[in-house]
Amino acid sequence: MYERYISQLAHVQVVTPCIEDSLEFYRNVLGLEESGRDGDTILLRGWGEHFLHSLELVEGAAPGLGHVGWRAQGPEQLEAAVKRIEAAGAGIGWADANAGRGKAYRYRGPGGHEHQIFWDVTRFKPSVAEAPLFPNRAQRFNPRGCAVRSLDHVTVATKNPAGDAKWYAELLNHRFMEETVADPEAGFGDFVVFAMTTTCERSHDLGLVADFSGATGRINHIAYWLDSPDELHRACDVLLDADVKIEFGPGRHGMGEQHYVYFREPGGVRIELNSGGYKNYEPDFETVRWSPKQGSNVYYRNLRLPHSMHESFPPVDMSKAREQMARSTLFE
Ligand SMILES: [Fe+2]
């Protein structure tokens, strides 16, 4: 039987070297709500999210990933997951409850990324002014900036995207949905340059992109959801009017079939907006394999991924990795 240990991607902790500028951006340009603080950590959420937060913003020397937070399927599944993580030698230990969640078990993936899994969560309680008209909503719809609704996924950088995806799949039953191999002429054999896994109905909530730098534990981007591609195109206008440079898009990915646009927040971390895409509920779905030429990244085959998109965070000297990146054919 296929057992679900994880119910959803719950939050991502992002490190920024300029927390006030980042906070201003997340609130007024992206349209997140500041919903609490836990010490120096700022908690933010999209207007459609029921939990207290989906983003933890912390200050640090360089932009990067703090950790990825996953909610367990239930208290028993949390205990079962912890046993499996410890047996795999990936455990770090328990963290105390904080403002946004109950006690959490910390662990590290093979690419050096820190995760935590927990069951208890704090739910957002709206003020009288924020109270929703519709009883199934967490708060009144009060669009600000891009007005993103909810966290969609996080994409991390790792030296072995397929190896990591299999590890997450075997350990905690993330479903390994799709992968892109390098162009056969690039001489990488069947090396996978991008892989994506999911714990939900969407094509992915965790992306894994090849990192040729030798660094570990880096993040490439976080992604927030909008209900329609029309809203995504409206968000592009919001970004341009806020003097935010659009790095890539708007366009549509072949993998997942999602509409996208990419840009960066003031601290440096890349943000993607998503809409559309397929839904999939099959526990035995077989991993789909793509080549870049089939449109894995660019559905309409009319764009090339800018070289800058390969930058992950914290930034490192990529000059040695430049040739390998070019050969992977994902980039110009
Ligand atoms: Fe993405």
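As the structure lists them, so they are numbered: ligands from 1, and atoms in each ligand from 1.
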- Answer yes or no as to whether an N/O/S atom of His253 is found below 2.8 Å from the Fe ion (ligand 1). no

- Query: Is the distance between the Fe ion (ligand 1) and the nearest N/O/S atom of Asp152 smaller than 2.8 Å?
  - Reply: no

- Task: Each residue besides Phe134 in its hydrophobic cluster should be listed here, by chain and number; the cluster joins Ile, Leu, Val, Met, Phe, Trp and Tyr at side-chain heavy-atom distances under 4.5 Å.
- Result: Leu133

- Please work out the angle at the Fe ion (ligand 1) defined by atom NE2 of His221 on one side and atom OE1 of Glu272 on the other, rounded to 10°. 90°

- Message: Within 45 degrees of the ring normal and closer than 6.0 Å to the centroid, is that where the cationic atom of Arg71 sits relative to Trp119?
- Response: yes

- Message: Can you confirm whether more than 12 heavy atoms, excluding those of Glu3, are under 6.0 Å from its CD atom?
- Response: yes

- Partners of Pro143 by side-chain contact (heavy atoms from CB on, under 4.5 Å), sequence neighbours excluded? Phe141, Ala147

